[in-house]
Amino acid sequence: MEKIRVLEAVNQLGLGGTEYALQLYSKYLNKDIFHVTVVSLLKGGERVRLIEEQGTEVIILNGDFTKLPILLKKTDVFHWHGS
């Protein structure tokens, strides 16, 4: 069975509650069913290392939104964290 590709997205990966929720989703989604990638649209932060240490790939776009459509083409579920 091919895994469902999930892109967990946020503006930055600091130590706030939004970023913590994203970290929990990316950690606890069933890895037998889902392939999770985290993308930060604007900048990284303290939580990048924490997420990578749990085995999840993190991509930082640094405001280069031209890369987002490329990521979305490889994604089944886009999960936005934030307003």
- Check the hydrophobic clustering (I, L, V, M, F, W, Y; side-chain heavy atoms under 4.5 Å; chains of links allowed) and say if I59 and F65 are grouped together. yes

- Are L42 and V39 joined in one hydrophobic group, where the rule is that I, L, V, M, F, W and Y side chains link up if heavy atoms are under 4.5 Å apart? yes

- Query: Any side-chain heavy atom of E46 sitting closer than 4.5 Å to one from E19?
  - Reply: no

- Can you tell me how far OG1 of T56 sits from OH of Y25, rounded to the nearest 0.5 angstrom? 14.5 Å

- Item | Any donor-acceptor N/O pair, K67 side chain to G63 backbone, under 3.5 Å | no

- In the hydrophobic clustering that connects Ile, Leu, Val, Met, Phe, Trp and Tyr at side-chain heavy-atom distances below 4.5 Å, which members other than I4 occupy its cluster, ordered by chain and number? M1, V6, L29, I33, F34, V36, V77

- Task: Compare every heavy atom of Q23 with every heavy atom of I51, then report the nearest pair and how far apart it is.
- Result: CG1-CG, 3.9 Å

- Task: Kindly work out whether a path of hydrophobic side-chain contacts (I/L/V/M/F/W/Y, heavy atoms less than 4.5 Å apart) joins L61 to L13.
- Result: no

- Heavy-atom pair with the smallest gap, counting every atom of Q12 and S40: CA-OG, 3.2 Å

- Would you say the side chain of K3 lies within less than 4.5 Å of the side chain of R5, judging by non-hydrogen atoms? no

- Is there a path from W80 to L68 through hydrophobic residues (I, L, V, M, F, W, Y) whose side chains come within less than 4.5 Å of each other? yes

- Task: Check whether V10 and V58 end up in the same hydrophobic cluster, where Ile, Leu, Val, Met, Phe, Trp and Tyr are linked by side-chain heavy atoms less than 4.5 Å apart.
- Result: yes

